[in-house]
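Below is one structure; the comments refer to it alone.
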Amino acid sequence: MNSHSHSHSHGNGHSNGTTTAAPALYPIGELARRTGLSVRTIRFYSDAGIVTPTSRSPSGYRLYGTDAVARLDLVRTLRELGLDLPTVRKVVDREVALPEVAAAHVEALDVQIRALRLRRAVLTAVARRGPSPEELDLMHRLAKLSEDERRRLIGEFLDTVFDGLHAHPAFTAVIRSMTPELPDDPSTEQVEAWVELAELFQDPAFRTSVQGMAQDLAVDRAPDDATGLPRILAEAVRSLAEPALADGVDPASPQAARIVDALAAHYARMVARPDDAALRTRLIDRLTSMNDPRRDRYLHLLAIVNGWIAPESLTPALAWTVRAMHAQGGGDGDGEAETGSSSTSTG
């Protein structure tokens, strides 16, 4: 009896060994529980040949092996990533390599993401600005421009602005400092900034304003000086006027008069002219033309598009300096006008 039971248990052990060696089979309900997919979805994939039953139960129900769990997990992941069913089938059947499919899909997604970003940026701007139908159409077209079309638009603007100044020593550096370059994968903020910049490019008044500043760039240069002088003028205004502004110095005070004298002397050296009434009038004209709100806006948008640190606005320092010069009897006229290349060389 003992020996019989021993042999029986031995036989059981043997048969257990063969059972565990045989692959486990799951009915469709159990497969659904293990994969988190519905029975209906698994049946659909099964009918499509993506997962096939290993066998059928005596009553005719489909039974699936453990590999079906792994395949269905992969199928679900690929479908969630947006791959179409024929491609999914090729991947799980190893007809195509997953890395190649993934790489192709990444490229396709990149195109879609860029298009969605552009759409989102335009809609965000529309929500903020409430444009007319004509403006909306323009914004949409500007956002959709190809890289070549963007370059052409920028090139036309800069060619107009710097007409006749290509031989100027500071020309190349100023052009570079004024050129927006939208990255391949721009943020919504960068797309919005680009659309606004492109609108500025097409604004005739802004073009004229920048062209005037570019001409000033050419004129305000000592014969032997190869630097972009309006940049130097802007930096001089920043360094002299901003501390006075921060300290609350009255533009009509003796302290302001000393700052005006220092700036006028600096400008006289720049342009190799004597510091007289004519020079101070010219300096006021320069500062007034620099004090254009569009100039600051251009620099701000340019910094966003190019991923640069946005420059501090020069407007308060320019306005204070012009007031101080008038208070000291430096010239006539009042100042809020145009902008240009000097603006863009500041930073």
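The residues of the chain are indexed from 1 along the displayed sequence.
- The side-chain hydrogen bond (donor to acceptor under 3.5 Å, both in side chains) search around E149 returns S146, not counting sequence neighbours.
- H326 places no side-chain N or O within 3.5 Å of a backbone atom of T321 that could act as its donor or acceptor partner.
- Every residue meeting the side-chain contact (heavy atoms from CB on, under 4.5 Å) condition with D47, not counting sequence neighbours, appears here in chain and number order: R43, R62.
- Linking Ile, Leu, Val, Met, Phe, Trp and Tyr residues whenever their side-chain heavy atoms come within less than 4.5 Å leaves L136 and L123 in two separate clusters.
- One finds the CD atom of E196 at 4.5 Å from the CG atom of L301 (value rounded to the nearest 0.5 Å).
- Just one of V237, L287, L283 meets the side chain to side chain contact (heavy atoms under 4.5 Å, CB included) condition when paired with V322; it is L287.
- Using a 4.5 Å heavy-atom threshold, the side chains of L85 and I50 count as touching.
- With salt bridges taken as basic N to acidic carboxylate O contacts below 4.0 Å, one links D261 and R280.
- Every side-chain contact (heavy atoms from CB on, under 4.5 Å) that D159 has, sequence neighbours left out, goes to H166.
- Linking ILVMFWY residues whenever their side-chain heavy atoms come closer than 4.5 Å, directly or via other members, places V271 and V260 in the same cluster.
- For D73, the salt bridge (charged side-chain N to carboxylate O under 4.0 Å, His left out) criterion is met by R76, not counting sequence neighbours.
- The CZ atom of F162 sits 9.5 Å away from atom CD of Q215, with the distance rounded to the nearest 0.5 Å.
- When every heavy atom of L263 is checked against every heavy atom of A236, the shortest pair comes out as CD1-CB, 3.8 Å.
- The nearest pair of heavy atoms linking A198 to L153 is CB-CD2, 3.7 Å.
- Remark: side-chain polar atoms of R89 are paired, donor with acceptor, to backbone N or O of A48 under 3.5 angstrom.
- Taking all atoms of both residues into account, the shortest heavy-atom contact from Y298 to P180 is OH-CD, 4.3 Å.
- Listed here is the closest heavy atom pair of A234 and L314: CB-CD2, 3.7 Å.
- R152 pairs by the salt bridge (charged side-chain N to carboxylate O under 4.0 Å, His left out) definition with nothing, not counting sequence neighbours.
- Residue pairs meeting the ring-ring contact (aromatic ring centres under 6.0 Å, His included) criterion with at least one partner in residues 27-75, sequence neighbours excluded, do not occur; the list is empty.
- Distance check, rounded to the nearest 0.5 Å: CZ of R79 to OG1 of T41 gives 10.0 Å.
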Inset, instruction - In sequence, state the C-alpha distance, the side-chain angles, and the governing distance for W320 and I259, and then conclude on side chain to side chain contact (heavy atoms under 4.5 Å, CB included). - result: CA-CA 11 Å; W320 184 91; I259 291 167; 3.9 Å; yes

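- Other residues, nucleotides and ligands place more than 12 heavy atoms under 6.0 Å from the CD atom of E30.
- One finds the CG atom of D292 at 11.0 Å from the OG1 atom of T288 (value rounded to the nearest 0.5 Å).
- Side-chain contact check for Q112 versus L109: some heavy-atom pair is nearer than 4.5 Å.
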Legend entry - Derivation and outcome, side-chain hydrogen bond (donor to acceptor under 3.5 Å, both in side chains), residues R282 and Y267: CA-CA 10 Å; R282 175 170 154 183; Y267 185 62; 3.1 Å; yes

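- Sparse packing is recorded around NE2 of H140, with 12 or fewer heavy atoms of other residues, nucleotides or ligands lying under 6.0 Å away.
- With rounding to the nearest 0.5 Å, the separation of OG1 in T35 from CD1 in I42 is 4.0 Å.
- Residues satisfying the salt bridge (charged side-chain N to carboxylate O under 4.0 Å, His left out) test with R151, not counting sequence neighbours, are E147.
- Nearest heavy atoms, A205 versus R294: CB-NH1, 3.5 Å.
- Under the 4.5 Å side-chain heavy-atom criterion for ILVMFWY residues, no single connected hydrophobic cluster contains both L25 and V69.
- We find the CZ-OG distance between R40 and S38 to be 7.5 Å, quoted to the nearest 0.5 Å.
- Residue I175 is grouped with residue W308 when hydrophobic side chains (ILVMFWY) are merged at heavy-atom distances under 4.5 angstrom, including chains of intermediate members.
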Legend entry - side-chain hydrogen bond (donor to acceptor under 3.5 Å, both in side chains) between E134 and S132, intermediate numbers included: CA-CA 5 Å; E134 293 77 19; S132 68; 3.3 Å; yes

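- For L182, the side-chain contact (heavy atoms from CB on, under 4.5 Å) partners two or more places apart in sequence, or in a different chain, are R150, P186, Q190, W194, V305.
- For the pair D275 (side chain) and A268 (backbone), a donor-acceptor distance under 3.5 Å is absent.
- Cluster membership check: L63 does not share its hydrophobic cluster with V51, using side-chain heavy-atom separations under 4.5 Å among Ile, Leu, Val, Met, Phe, Trp and Tyr.
- In this structure, S57 and P27 have side chains that are not in contact, with every pair of non-hydrogen atoms separated by 4.5 Å or more.
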Legend entry - Residue pair V210, R295: steps toward the side chain to side chain contact (heavy atoms under 4.5 Å, CB included) verdict: CA-CA 8 Å; V210 180; R295 163 195 181 278; over 6 Å; no

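- Using a cutoff of 4.0 Å between basic side-chain nitrogens and carboxylate oxygens, D137 and R141 are scored as salt-bridged.
- Residues T87 and D84 have side chains that bring a donor and an acceptor to within less than 3.5 angstrom of each other.
- In this view, F201 and F157 satisfy the ring pair (Phe, Tyr, Trp, His ring centres under 6.0 Å) rule, not counting sequence neighbours.
- R128 is linked by a side-chain contact (heavy atoms from CB on, under 4.5 Å) to T124, E192, counting only residues two or more places apart in sequence or in another chain.
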Per-pair distances, 0.1 Å, donor-acceptor, side chain in residues 90-102, under 3.5 Å, sequence neighbours excluded:
residue, atom, partner, partner atom, Å
D93, OD1, R71, NH2, 2.8

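- Residue pairs meeting the side chain to side chain donor-acceptor pair (under 3.5 Å) criterion with at least one member in residues 241-253, sequence neighbours excluded, are R238-E242.
- Listed here is the closest heavy atom pair of A327 and A252: CB-CA, 3.8 Å.
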